[in-house]
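Nothing fancy with the numbering, it's 1 onward along the sequence. Quantities reported herein were computed from a predicted structural model and do not represent experimental measurements.
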Amino acid sequence: MKKRRIMATVMAAAMLATGLTGCGSSDQAATTAAPAATEKAAQAETQAPDSSEKAADEIDVKSLPAGSIDLSLMLPLGQWTDNFNTLIDAYKAEHPEIGEITATFPSSDKYDDLLVSALSANDLPNIINIGYGIRRQDWWQYCEDLSTGCPAYDMLTEAQITNGTDGDYGMLVLPMTLEGTGILYNTRILKEAGWDHTPQTRDELLQYCKDLKAKDIQPFMLPWAETYLNLFNNVGNYWLLNKPDGGKETLARLMADEDVDLANDPEMTELLDTYEQILIPYAQEGAVSTDKWTCRNAFFAEECAMLVGEGSYETPNIQNANPAMLDYVKQDILPVSNDPEKNKMAIASISISVTKNDDPNVVACAKDFASWLVSSDTARLWHQETMGSPTAIQGLEVSEKLPVIAKDVIDAIADGKGVENIFVYMPSSIYTDMQENWARYVAGAQTREEFLERYQQIFKDYQDGIYG
């Protein structure tokens, strides 16, 4: 398939010039590689205008010759690896024009590096994940406007359209499913410890940990070797989520290099108190070098009572490892505050985007497949029943077979407890330093005061242009 060769070549040259290939964090590599190419790519766009968008919107995909279109997608959803062929087969049965659909699902910490490599190799997948927020803003230029030629667009809420509209590029982000992260509880162990409800405040969580230790039960396993997911992303932003506006105002002030007095910020204080009173003291030995799968497997084997910083997307993993647990696992908030009304659940909108292509037939088919993945009844049932994920389009029916932890996420949202994870609104160029800062803190290599000073300094450096 022909791609945008000028743009790919420019970005590849930028990567080589900066020596970024294979170094740094995955998100930082993608973000740092792209800005140098943005202006030149825009000039190339002007010099060689692409009319494929208008043409693609006029194409009846089912009128195309049988087997004439191959599609590819790459999404950071490793849990889909063993299940996605079901959807490929179902879509191809309805669409004889499709030849092959190649799907790859790397882990989230490898995804951005692979995306840059694909672009430099002139082989960008037709469907990718860029998500809400600015963390992958340098990919906007490579994506199609989905406000036309994509039937699912008409099913989105106004907020979803606003969140998915980026810069001058149009509506690029199609929300597909929702994920909630907080704490996964083994309620069988919860009841054995004498509890009839999940902890709703920090003090309750502390008492629960004490009760578990008294029974020689490990409270939780913490994968702090996974600094990207469990420290910076899924847990480290809870101080912002618990603010009245979900943290957007405070984040804007940080990014503008305003002094927000982190040492006296009530929500940051609550989060760090949670670490120092609960998470660090009740972590397993060697938590700072433990990976996520060690912790997940311990939870699935019922060797610990809680899994922190993971969520509803664990349904297929539980199904494979210990299906009986689906009858007594519960998803709930991470209670970092002693005010139960403040505690929220981080919600991530899992989305897809369609990349540009010189062949309007490919663009039309990619848009149609993306819309089908988001809104068709076949995909709805697969997302909900097989993968245990609530679908993002509100008008879609909720299956009676939706797994319990997905229902817990829906209930949290309905109760006003769900907040879009503000992690996606942070620039990805700061990710590596933020991860290191968190890792040093939980390892005891720096004090709370040093952690907070470094936290603020990272945003100052960002504002000063140090991150490019």
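For the atom pair OG (S349) and CE (M176), the distance works out to 10.5 Å, reported to the nearest 0.5 Å. For the atom pair L326 CG and I318 CD1, the distance stands at 5.5 Å (nearest 0.5 Å). With values rounded to the nearest 0.5 angstrom, D196 atom CG is found 12.0 Å from T187 atom OG1. To the nearest 0.5 Å, atom NE2 of residue H383 and atom CG of residue L87 are 6.5 Å apart. Rounding to the nearest 0.5 angstrom, the gap separating the CH2 atom in W80 from the CG atom in N85 is 12.5 Å. Within the model, atoms CG of D82 and CG of N320 stand 7.0 Å from one another, a figure rounded to the nearest 0.5 Å.
In this structure, L174 and A370 approach most closely via the heavy-atom pair CD2-O, 3.8 Å. Closest approach of N234 and G309 over heavy atoms only: ND2-O, 2.9 Å. Minimum heavy-atom separation, A445 to E450: O-OE1, 4.4 Å. Listed here is the closest heavy atom pair of Y431 and M426: OH-O, 3.3 Å. The shortest heavy-atom contact between I347 and G180 is CD1-CA, 3.9 Å. Here the closest non-hydrogen pair linking S108 and P76 is CA-CB, 3.8 Å.
Looking at heavy atoms from C-beta onward, Y169 lies out of side-chain contact with E144 at the 4.5 angstrom threshold. For the pair T386 and T86, the minimum side-chain heavy-atom distance is 4.5 Å or more. Looking at P390 and T177, their side chains never come closer than 4.5 Å, going by heavy atoms from C-beta outward. Considering only heavy atoms from C-beta on, Q284 comes within 4.5 Å of T290 through its side chain. A 4.5 Å side-chain heavy-atom check between M387 and L77 finds every atom pair outside the cut-off. Put simply, the side chain of I128 reaches to within 4.5 Å of the side chain of Y111, judged on heavy atoms. Using a 4.5 Å heavy-atom cutoff, the side chains of I189 and M306 are not in contact. Put simply, the side chain of T294 does not reach to within 4.5 Å of the side chain of P223, judged on heavy atoms.
Residue pairs meeting the salt bridge (Lys or Arg N to Asp or Glu O under 4.0 Å) criterion with at least one partner in residues 160-177, sequence neighbours excluded, are absent. Pairs engaging residues 266-301 under the ring-ring contact (aromatic ring centres under 6.0 Å, His included) rule: Y275-W438 [sequence neighbours left out]. Listed by first and then second residue, the side-chain hydrogen bond (donor to acceptor under 3.5 Å, both in side chains) pairs that reach into residues 295-310 are N186-E302, R188-E302, R296-E310, R296-E314, E302-N322, E302-Y328, E310-Y313, sequence neighbours excluded. Judged as a salt bridge (Lys or Arg N to Asp or Glu O under 4.0 Å), not a single pair has a partner in residues 411-431 (not counting sequence neighbours). Each ring-ring contact (aromatic ring centres under 6.0 Å, His included) pair with one or both residues in residues 172-221, not counting sequence neighbours, appears once here: W195-H197, W195-Y208.
Judged as a salt bridge (Lys or Arg N to Asp or Glu O under 4.0 Å), and not counting sequence neighbours, the contacts of D461 are R454. For W140, the ring-ring contact (aromatic ring centres under 6.0 Å, His included) criterion is met by no residue, not counting sequence neighbours. The side chain to side chain contact (heavy atoms under 4.5 Å, CB included) check on T102 picks up S72, with sequence neighbours excluded. With sequence neighbours excluded, no residue forms a side chain to side chain donor-acceptor pair (under 3.5 Å) with W224. In terms of the side chain to side chain contact (heavy atoms under 4.5 Å, CB included) criterion, residue partners of D273 (sequence neighbours excluded) are, by chain and number, R202, T269, Q277, R448.
For the residue pair Q446 / N437, a side-chain donor-acceptor distance below 3.5 Å is found, with atom types taken as modelled. Side-chain contact check for Q200 and D332: at least one donor-acceptor pair (N or O, by modelled atom type) lies under 3.5 Å. For the residue pair E270 / S337, a side-chain donor-acceptor distance below 3.5 Å is found, with atom types taken as modelled.
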Take K407 and Q331, measure what side-chain contact (heavy atoms from CB on, under 4.5 Å) needs, and give me the verdict at the end. CA-CA 9 Å; K407 292 178 182 177; Q331 172 83 62; over 6 Å; no
Given the rule in the salt bridge (Lys or Arg N to Asp or Glu O under 4.0 Å) test, do E267 and K342 qualify, once you have shown the distances and angles that lead to the verdict?
CA-CA 9 Å; E267 286 76 28; K342 286 181 64 175; 2.9 Å; yes
- Task: Give the C-alpha distance, both sets of side-chain angles, the deciding distance and a yes or no for side chain to side chain donor-acceptor pair (under 3.5 Å) between N338 and E204.
- Result: CA-CA 8 Å; N338 273 325; E204 280 195 325; over 6 Å; no
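Taking the ring centroids of F232 and Y228, they lie at or beyond the 6.0 Å cut-off. Aromatic rings of Y467 and F459 (six-membered ring for Trp) have centroids beyond the 6.0 Å cut-off, not under it.
When the shell of 6.0 Å around CD of E276 is examined, it contains more than 12 heavy atoms from other residues, nucleotides or ligands. Residue E453 qualifies as open at atom CD: its count of foreign heavy atoms under 6.0 Å is 12 or below.
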When the side chains of residues 251-261 are checked against the rest of the protein, which donor-acceptor pairs come out under 3.5 Å, sequence neighbours left out?
residue	atom	partner	partner atom	Å
R253	NE	E258	OE1	3.2
D259	OD1	D261	N	2.9
D261	OD1	N264	ND2	3.1
D261	OD2	N264	ND2	3.0

Between side-chain atoms of residues 391-406 and protein atoms elsewhere (two or more places apart, or another chain), which donor-acceptor pairs fall under 3.5 Å?
residue	atom	partner	partner atom	Å
T391	OG1	Q384	NE2	2.9
S399	OG	E385	OE2	2.6
S399	OG	K401	N	2.9

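Between the side chain of T157 and the main chain of Q160, a donor-acceptor pair closer than 3.5 Å is present. Looking only at distances, a side-chain donor or acceptor of W382 sits under 3.5 Å from a matching main-chain atom of N83. Between the side chain of T250 and the main chain of G247, no donor-acceptor pair closer than 3.5 Å is present. Under the 3.5 Å distance criterion, the side-chain polar atoms of D408 are left unmatched by any main-chain donor or acceptor of K330. Under a 3.5 Å cut-off, the side chain of S289 and the backbone N or O of G286 do form a donor-acceptor pair. Listed for the N129 side chain is no donor-acceptor partner under 3.5 Å among the backbone atoms of M74. Judged purely by atom type and a 3.5 angstrom limit, S147 has no side-chain atom pairing as donor or acceptor with the backbone of M171. When atom types are taken as modelled, the side chain of S376 and the backbone of L373 share no donor-acceptor pair closer than 3.5 angstrom.
Of the options L272, V336, V442, T274, a side-chain contact (heavy atoms from CB on, under 4.5 Å) to L279 is made by T274 and by none of the others.
Annotation: cation-pi pair K248/Y425 present, NZ/CZ under 6.0 Å from the ring centroid and within 45° of its normal.
Under a 4.0 Å N-O distance rule, the pair R136/D112 qualifies as a salt bridge.
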